[in-house]
Structures are given as C-alpha cells and as structure tokens.
Trainee: 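Below is a structure I'd like to ask you about.
FYI, side chains are in, hydrogens and waters are out, and symmetry mates aren't considered; it's all heavy atoms of this structure.
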Amino acid sequence: MSLLKVTHLTKSFGGNRAVDDVSFELAAGELLAMIGPNGAGKSTTFNMVNGQLAPDGGAITLNGTELVGKRPREVWKLGVGRTFQIAETFASLTVAENVQMALLSHDAKVFSFWRKAAAHKRDEAMALLEQVGMAAQAERPCSVLAYGDVKRVELAIALANAPKLLLMDEPTAGMAPKERNDLMALTRQLVQQRGLAVLFTEHSMDVVFAYADRILVLARGKLIAQGEPAQIREDAKVQEVYFGSGKTFEKKSAVTA
C-alpha cells in the first residue's frame, strides 16, 4: 500500500512549465530516488510535496490525507521530515541541543535560549543521536564538526518528529565518497528499522544506483521513466537525456566513485 501518492502534479512559473503532469507513488520501507538534469523539475516537485510551493494542479496525499494547501509546518506535523542540500543546524549549540530543539518544537513547547537546554528531552535526543552514530559527540558544538557529521546531526533532527516520510534534498552533496556511502548506508538502515519511506534527489549516480529501490527520472518537467535501477540503467530515453546516444551509466560502487 502506498504511503505517498502524487497525482497529475503541475506547476508553472510565468510561461515555463516546471512540473508537467507528474504522478508517482511511494511505499513505506522504500527509498525512491528522483533524478534528472538541472532544470528537470526535481526541486519544484520536492517543494510542493513539502508544502513550500503550492501546485497549480494535481493532488499529493500522505496516508490518504491531502497535503496540497497545507503549510510546511502542518505537513511536518503530519509526519514528513526533511533534510536540505546545505545542512541546517545551529552552529553555536551542541549536537545534543540541536536535536533537543527539534524535539521541543515537535511538542509545540516554547524554548527560551537563556535557559539551559540540558534538562529538556535529553534522553530522546541521545536515542536519536545513537541511531545516527553521533552520541559520542553529543557535547561538541556543531561549529567544530566535520561536514559529514553535520549531515548526520541534520538527519537526527529530521527524525525528531518520528516521520513516516523523509525528504532528502541532495543528501550527499559536498561529501567525500566514503562519507556518501556511510550516510546512505545509515539511511537504508533507518528505512528498514523504522519502516520509513524516503524520497531523495541526488546528482551522484553511484549513490542512486547503489541505494535506491526505485528511480524516477524527470526531464523538462516531465516524468520520462520510473522503475528499478537495472531498468533505468538500460533505458534508452534516460541515457539520451543524460549523455546523448551511444553511452550508458557506468556500474561503480558508492565507495569508490
């Protein structure tokens, strides 16, 4: 049974049809990659699912609840988490305090910055940090972390509302090959443990083909292909969009790419 259903989604900016009649579904426990050249409509589609943009037409439902017309915070409260291409954390706060802030926000409690955060939601924050492999660095300020570790903290923050659906925008951007592999392996583990559904955009094809269960391919706002990685790898239309004729995706691991 599908958790997320996107049906006939459209969005225009002036005379440009950024998203043109896009439909797809996503089930719990599945990683779905959305790929395409620059200007394909990936970010616009992402932002409509998240409530940051209102579509011109179509429907987006989560467990049968319509998301169109809801603000990002309302979408978040329904169980949609999100990470961003550029990791967003409070650099001056510790790792644990960043996650505690997210937990308090989910509970709709007011947090005063002049009050010490250590007593608030500490156990829950530590449990999330344990899941993403950051518990040992809980007392370090985010400003001193390696970028790969900041992305792990951002993932813990995104899990603070116990999401059913996790949106990951370019999750491995700016990361070294081993960091990319580690983060996506962790994401795969969380999907299996929590029964999460994950929709992610990604430019690194090694990551896409190593970790996605299925792949959506957009080009000029249209969905031109969807299927399992092996199908997409051999799809002539996809190869033409990415490379022109006569080339194929190379088969290489996420670690060595």
Trainee: Does T44 reach the side chain of L53, with side-chain heavy atoms less than 4.5 Å apart?
Mentor: yes
Trainee: Distance-only, no hydrogens or angles: does the N50 side chain make a donor-acceptor pair with backbone N or O of Q52 under 3.5 Å?
Mentor: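 No, N50 side chain to Q52 backbone: no donor-acceptor pair under 3.5 Å.
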Trainee: Which pair of heavy atoms, one from A138 and one from M126, lies closest together, and at what distance?
Mentor: CB-SD, 3.6 Å
Trainee: With sequence neighbours excluded, what pairs up with S43 under the side chain to side chain donor-acceptor pair (under 3.5 Å) test?
Mentor: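 Result, side chain to side chain donor-acceptor pair (under 3.5 Å) vs S43: none returned.
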Trainee: Using side chain to side chain donor-acceptor pair (under 3.5 Å) as the criterion, list what pairs up with Q193, not counting sequence neighbours.
Mentor: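 With neighbours one apart ignored, the set is empty.
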Trainee: Answer yes or no: is there a donor N or O on one side and an acceptor on the other, between the side chain of T10 and the main chain of G57, under 3.5 Å?
Mentor: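 Yes, because the side chain of T10 sits within donor-acceptor range (under 3.5 Å) of the backbone of G57.
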Trainee: What do you reckon, is CD of E130 surrounded by more than 12 foreign heavy atoms closer than 6.0 Å?
Mentor: no
Trainee: Do L216 and V80 share a hydrophobic cluster (ILVMFWY, side-chain heavy atoms under 4.5 Å, transitive)?
Mentor: yes
Trainee: Considering non-hydrogen atoms only, spot the tightest contact between L78 and T65 and give its length.
Mentor: CD1-CG2, 4.1 Å
Trainee: So, taking the atom named CE in M168 and the one named OG1 in T187, what distance separates them when rounded to the nearest 0.5 Å?
Mentor: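 Result: 3.5 Å between the selected atoms.
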Trainee: If we ignore hydrogens and angles and just use 3.5 Å, is the side chain of T61 paired with the main-chain N or O of E66 as donor and acceptor?
Mentor: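 No; zero donor-acceptor contacts below 3.5 Å.
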Trainee: Could you give the distance from CG (L104) to CD (Q100), rounded to the nearest 0.5 Å?
Mentor: 7.0 Å
Trainee: Determine yes or no for a side-chain-to-main-chain donor-acceptor pair under 3.5 angstrom, with Q239 supplying the side chain and A236 the backbone.
Mentor: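 The answer is no, because no donor-acceptor pair under 3.5 Å joins these two groups.
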Trainee: May I ask whether V238 and L218 are part of the same hydrophobic cluster, defined by side-chain heavy atoms of I, L, V, M, F, W, Y residues being less than 4.5 angstrom apart, directly or through others?
Mentor: no
Trainee: How would you list all residue pairs meeting salt bridge (Lys or Arg N to Asp or Glu O under 4.0 Å) that involve residues 157-177, not counting sequence neighbours?
Mentor: R82-D169
Trainee: Should L103 and L128 count as side-chain neighbours, where that means a heavy-atom distance under 4.5 Å?
Mentor: yes
Trainee: Taking the side chain from Q137 and the backbone from M134, do they hold a donor-acceptor pair closer than 3.5 Å?
Mentor: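 Checked: no pair found.
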Trainee: Hey, are the side chains of R233 and M205 touching, using non-hydrogen atoms and a 4.5 Å cut-off?
Mentor: no
Trainee: Identify, with sequence neighbours excluded, every residue that meets side-chain contact (heavy atoms from CB on, under 4.5 Å) alongside Y147.
Mentor: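 Scan of Y147 (side-chain contact (heavy atoms from CB on, under 4.5 Å), adjacent residues dropped) gives A87, K151, M175.
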Trainee: Using a 4.5 Å cut-off on heavy atoms from C-beta on, say whether the side chain of I215 contacts that of V208.
Mentor: yes
Trainee: Same hydrophobic cluster for V22 and V75, using side-chain heavy-atom links shorter than 4.5 Å among ILVMFWY?
Mentor: yes
Trainee: Taking all heavy atoms of F200 and all of A212, pick out the closest pair and write down the distance.
Mentor: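 So the minimum-distance heavy-atom pair works out to CZ-CB, 4.1 Å.
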Trainee: What are the two closest non-hydrogen atoms of T201 and P171, and how far apart are they?
Mentor: O-CD, 3.2 Å
Trainee: Quick one: list whatever passes side-chain contact (heavy atoms from CB on, under 4.5 Å) with R71, sequence neighbours left out.
Mentor: E74
Trainee: Are L199 and L166 connected, step by step, through hydrophobic side chains (Ile, Leu, Val, Met, Phe, Trp, Tyr) whose heavy atoms are closer than 4.5 Å?
Mentor: no
Trainee: Any salt bridge (Lys or Arg N to Asp or Glu O under 4.0 Å) involving residues 181-205? Give me the pairs, sequence neighbours left out, ordered by first then second residue.
Mentor: K178-D182, R188-D213
Trainee: Rounded to the nearest 0.5 Å, what separates atom CG in L159 from atom CG in L190?
Mentor: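 So the gap between those two atoms works out to 6.0 Å.
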Trainee: How would you list, by chain and number, every residue that makes a side-chain contact (heavy atoms from CB on, under 4.5 Å) with V6, sequence neighbours excluded?
Mentor: L4, L9, F24, V49, I60
Trainee: May I have the step-by-step check of salt bridge (charged side-chain N to carboxylate O under 4.0 Å, His left out) for E97 and R140, ending in yes or no?
Mentor: CA-CA 10 Å; E97 287 169 345; R140 300 187 73 196; over 6 Å; no
Trainee: Return the minimal non-hydrogen interatomic distance between V19 and G41, and the atom names on each side.
Mentor: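 Scanning both residues completely, I find the closest heavy atoms to be CG2-O, 3.8 Å.
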Trainee: Quick one: salt bridge (charged side-chain N to carboxylate O under 4.0 Å, His left out) partners of E124, sequence neighbours excluded?
Mentor: K121
Trainee: Testing L145, V95, N98 for side chain to side chain contact (heavy atoms under 4.5 Å, CB included) with V150, which one passes?
Mentor: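 Considering L145, V95, N98, a side chain to side chain contact (heavy atoms under 4.5 Å, CB included) with V150 is found only for L145.
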Trainee: Do V68 and L26 sit in the same hydrophobic cluster, where Ile, Leu, Val, Met, Phe, Trp and Tyr count as joined when their side-chain heavy atoms come under 4.5 Å apart?
Mentor: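 V68 clusters together with L26.
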Trainee: For S12, enumerate each residue passing the side chain to side chain donor-acceptor pair (under 3.5 Å) test, keeping only those at least two apart in sequence or located in another chain.
Mentor: R17
Trainee: What side-chain donor-acceptor pairs closer than 3.5 Å can you find for residues 28-40, not counting sequence neighbours?
Mentor:
unit_1: E30; atom_1: OE1; unit_2: A27; atom_2: N; d: 3.0
unit_1: E30; atom_1: OE1; unit_2: R214; atom_2: NH2; d: 3.4
unit_1: E30; atom_1: OE2; unit_2: R214; atom_2: NE; d: 2.5
unit_1: E30; atom_1: OE2; unit_2: R214; atom_2: NH2; d: 3.4

Trainee: Mind checking the CG-CG spacing from L183 to L155? Nearest 0.5 Å is all I need.
Mentor: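 Reported value, rounded in 0.5 Å steps: 6.5 Å.
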Trainee: Apply salt bridge (charged side-chain N to carboxylate O under 4.0 Å, His left out) to D149 and list each qualifying residue two or more places apart in sequence or on a separate chain.
Mentor: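 Salt bridge (charged side-chain N to carboxylate O under 4.0 Å, His left out) check on D149 returns nothing, list empty.
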Trainee: Tell me whether K11 forms a cation-pi arrangement with F13, defined as NZ or CZ under 6.0 Å from the six-membered ring centre and within 45 degrees of its axis.
Mentor: yes
Trainee: Compile the donor-acceptor pairs under 3.5 Å between side chains in residues 222-230 and protein atoms, sequence neighbours left out, one pair per line.
Mentor:
unit_1: K222; atom_1: NZ; unit_2: D20; atom_2: OD2; d: 2.8

Trainee: So which atom in L129 and which in A156 form the shortest heavy-atom distance, rounded to 0.1 Å?
Mentor: CD2-CB, 4.2 Å
